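Residue numbering restarts at 1 for every chain, and letters A, B, ... go by the order of the sequence lines. Keep in mind that what you see is a predicted model, and the values were worked out from it rather than measured.
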Amino acid sequence: MRYSKTFIPTSKEVPREATIKSHILMLRAGMIKKLSSGVYSLLPIGLKVVRKVEDIIREEMDSINSIEFSLPVLIPAELWKTSGRWYAMGPELFRLKDRNKQDFVLSPTHEEVFTDLMKDHIKSYRDLPITVYQIGLKFRDEIRPRFGVMRGKMFIMKDAYSFHQEDDWASLQKTYDDMSKAYKRIFYRCGLETIPVEADSGAMGGNKSEEFMVPSHVGEEQIVKCDSCGYVANIEKAYSPYREFKYESCGEKELVPTPDVKTIEDLSAFLKKPYEYLIKTMVYKTDGGEFVLALIRGDLNINETKLKNYLSAAEIMPAEESEIKEKLGLPPGFMSPIGVEGVKVVADESVRDIKCGVCGGNKKDYHYINVDVERDIKNIEDFIDIRMVSEGDLCPKCGSKLRIFHGIELGHIFQLGDKYTRAFSVTYLDESGKERFPIMGCYGIGVERTVAAIIEQNNDDDGIIWPITVAPYHIYLLPIKYSGKTREVSDRIYNELLSSGIDVLLDDRDLRPGVKFKDADLIGIPFRVTIGDKGLEDGIVEFYERKTRSKSKIKVDEIVTYVKKRVEDEFKKYEV
RNA sequence: CGGGCUGUAGCGCAGUAGGUUAGCGCACUAGUCUGGGGGACUAGGGGUCGCCAGUUCAAGUCUGGCCAGCCCGACCA
């Protein structure tokens, strides 16, 4: 491609809207342009990179016998009512009506459509297992779009779905493992080191799931990892045994005045008690409008995901102070389950053994002291794990200290079970002629997010440094001055490289060399060949590697062969 | 939705004790000199100062409302 014949609007200025490296560089390199919050246009080189990532995904999906489709994004609401997600999903689901007032959704994911599609096909156990996928647009009305293409309202996703015979979890596990391996290959080929992480299944339902994370300080996920035994989990899912504490027993519980002492810090200071004696009472509200008191030891924090799962709620949120006062008649800041009736109470395991503890007095400016949980708090329904793991907690497998770091979630694979096949009455006949429901798995990859993660991990002060597998071009041909002999030689090299299948960008613009050098580095093409009159006098051109910034002089006659070799060798580094 | 911040030329910004032609850098047009890491000079073009209402002789500047965007939290590929 000739630079003058394409569209790469680079920019020297850092756009004000962007704060992270990948977002800034995508804008500066002219890959994307914002249309509105969370909605971006892909410009030519952005599109080229996305296509290259998609091609890698496609190859790997095909290699595990996943079959490609392309499904609509405009979906009649009927399908979503059938699965129940029309009601369960909340405002992140884009809903619209056609002129006949029929409800539609812009699909945020395609379980419904694929399940509906497969319903007509899967009739016999002989039709199973089958795995299908597509690479297409998804729409989610995100609460807060962020970091450019990293979290948009509209994005490209590879989503795959597998169907297996009822109870044939081994078959599902096989596909799940194949996907997991394919994902590792995909990300490796994109030049990314990913970590598979145990994950919460969230709104998708199902039981087993794994996320593919790329460690990054801009990642929105927190990953818990044990460096000695290799245990890794999303913090939402991570478990750690709580630190034991020895409690001495003491007398009867007693109501004491604690004026204006609301927080755990203040309470600990006021009563001169370590956090381990304090019982935190949190009030949550479920999407069903139910209130729940959740108890945890003062030095620990509640993991809302775990609590939500325990309650089998689609959504939970901390109750508002006003709701606590009006609906429950409790004083915020001074609450406890003591004497409370008609509200569900659950406690973290860490609360069970507390003796001589402190909890709210259910009266403004009062707390109970000398609380013995077993003796004094009878209305706890269950002691469960609802703790948030924190840095330095102990590994559940080997007891070493856990580390927490941030990561970007690029892919997520789930074992779904029969939620959707039952909802859509997808049935087949087994060998004995009995009607059965297939079980499913689903498997996603965020495509633009993968591109952003690649940039996030491969850049320097001057710009992007693409792995050759996804680079918009392999070679940047840079004539110092595009005229005369230099132009002749540049054109010749350009044509020869093109005809040997190399993706080459010829900077044929009439600009000062400095500008071209800066643009070349910014766009981040892995290799560059600089052609100038000076070199040509000695019959040489300069070969430059973006990553190492190393330069070498190559004879003009040999440059095409040399480039082909370097490109080939570079590709080999990303082979699996 | 809660908390913080910002809207002035394509981009990045200045200008606000209210005052007459609204400025700078980059980019853009014409020309000259240049030409191996965002060059110099000369001459230009481009703005309903986010929108609406109000206060005032006078509003980019003050007041109110609205809209949009960014950052921190709940959501997720």
Where the side chain of [X] is concerned, which of [options] is the nearest nucleotide?
X: A:Phe147; options: B:rC71, B:rG37, B:rC76; answer: B:rC71
X: A:Thr530; options: B:rG36, B:rC76, B:rG37; answer: B:rG36
X: A:Arg140; options: B:rG12, B:rG36, B:rC76; answer: B:rC76
X: A:Arg144; options: B:rC76, B:rC75, B:rC72; answer: B:rC72
X: A:Ile480; options: B:rA77, B:rG35, B:rG38; answer: B:rG35
X: A:Lys34; options: B:rG69, B:rG38, B:rC76; answer: B:rG69
X: A:Leu522; options: B:rG38, B:rC70, B:rA77; answer: B:rG38
X: A:Glu92; options: B:rC75, B:rU8, B:rU34; answer: B:rC75

I'd like the [atom1] distance from [M] over to [N], given in whole Å.
N: B:rA14; M: B:rU6; atom1: C1'; answer: 15 Å
N: B:rU29; M: B:rG10; atom1: P; answer: 16 Å
N: B:rA30; M: B:rC71; atom1: P; answer: 39 Å
N: B:rC24; M: B:rC41; atom1: P; answer: 14 Å
N: B:rG7; M: B:rG44; atom1: C1'; answer: 29 Å
N: B:rC62; M: B:rC75; atom1: P; answer: 40 Å

Rounded to the nearest angstrom, tell me the gap between atom [atom1] in [X] and atom [atom2] in [N].
X: A:Asp510; N: B:rC33; atom1: CG; atom2: P; value: 14 Å
X: A:Leu192; N: B:rA77; atom1: CG; atom2: P; value: 18 Å
X: A:Tyr40; N: B:rC70; atom1: OH; atom2: P; value: 6 Å
X: A:Ile24; N: B:rC71; atom1: CD1; atom2: C1'; value: 13 Å

Exercise. When the aromatic ring centroids of A:Tyr443 and A:Tyr183 are compared, is their separation below 6.0 Å?
Worked result: no
Base, sugar-phosphate, or nothing: which does [X] touch, judged by heavy atoms less than 4.0 Å apart?
X: A:Val14; value: sugar-phosphate
X: A:Glu142; value: base
X: A:Glu542; value: base
X: A:Ile156; value: nothing
X: A:Met150; value: base
X: A:Arg28; value: base
X: A:Gly90; value: nothing
X: A:Glu304; value: nothing
X: A:Gly152; value: base
X: A:Asp141; value: nothing
X: A:Leu410; value: sugar-phosphate

Side-chain donor/acceptor of [X] to base of [N], under 3.5 Å:
X: A:Asp519; N: B:rG38; value: yes
X: A:Asp521; N: B:rG37; value: yes
X: A:Arg16; N: B:rC70; value: no
X: A:Arg512; N: B:rG39; value: yes
X: A:Lys12; N: B:rG38; value: no
X: A:Glu221; N: B:rC76; value: yes
X: A:Arg146; N: B:rG69; value: no

Problem set entry | Among A:Lys308, A:Glu304, A:Glu290, the one residue meeting side-chain hydrogen bond (donor to acceptor under 3.5 Å, both in side chains) with A:Tyr284 | A:Glu304
Problem set entry | With A:Tyr3, the side-chain contact (heavy atoms from CB on, under 4.5 Å) member among A:Ile8, A:Leu506, A:Leu477 | A:Ile8
Exercise. Considering the options A:Ile413, A:Ile195, A:Val197, A:Leu192, which one meets the side-chain contact (heavy atoms from CB on, under 4.5 Å) requirement together with A:Phe212?
Worked result: A:Ile413
Exercise. Reckon A:Ser11 has a side-chain N or O less than 4.0 Å from the OP1 or OP2 of B:rC11?
Worked result: no
Exercise. Side-chain N or O of A:Ser37 less than 4.0 angstrom from OP1 or OP2 on B:rC70?
Worked result: yes
For this session: Let me see the working for A:Lys181 and A:Glu60 under salt bridge (charged side-chain N to carboxylate O under 4.0 Å, His left out), right down to the final yes or no.
Result: CA-CA 9 Å; A:Lys181 284 179 203 147; A:Glu60 295 298 339; over 6 Å; no
Exercise. Does NZ or CZ of A:Lys225 come closer than 6.0 Å to the centre of the six-membered ring of A:Phe405, within 45° of the ring's axis?
Worked result: no
For this session: Report the C-alpha distance between A:Asp508 and A:Arg487 in whole Å, list the side-chain angles of each, state the deciding distance to 0.1 Å, and finish with yes or no for salt bridge (charged side-chain N to carboxylate O under 4.0 Å, His left out).
Result: CA-CA 8 Å; A:Asp508 58 350; A:Arg487 175 171 182 159; over 6 Å; no
Problem set entry | A:Glu220 atom CD: more than 12 heavy-atom contacts under 6.0 Å | yes
For this session: Would you please say whether a donor-acceptor pair under 3.5 Å links the side chains of A:Lys547 and A:Asn458?
Result: no
Exercise. Does one side chain, of A:Ser216 or A:Glu456, offer a donor that lies under 3.5 Å from an acceptor on the other?
Worked result: no
Seminar exercise, completed: 5'-most contact on RNA chain B (nearest-nucleotide basis), A:Gly444 vs A:Lys33, goes to A:Lys33
Exercise. Taking for each residue the nucleotide of RNA chain B with the nearest heavy atom, is it A:Met317 or A:Lys534 whose nucleotide lies nearer the 5' end?
Worked result: A:Lys534
For this session: Report yes or no: is the ring centroid of A:Phe517 under 5.5 Å from the six-membered base ring centroid of B:rG38, with the two planes under 30 degrees?
Result: no
For this session: Take A:Asp521 and A:Tyr544 through the test side-chain hydrogen bond (donor to acceptor under 3.5 Å, both in side chains) and record every step on the way to the result.
Result: CA-CA 10 Å; A:Asp521 282 347; A:Tyr544 167 92; 3.2 Å; yes
Exercise. For RNA chain B, which consecutive runs of 3 or more Watson-Crick or G-U pairs (each distance under 3.5 Å) count as stems?
Worked result: B:1-7 with B:67-73, B:10-13 with B:23-26, B:28-33 with B:39-44, B:50-54 with B:62-66
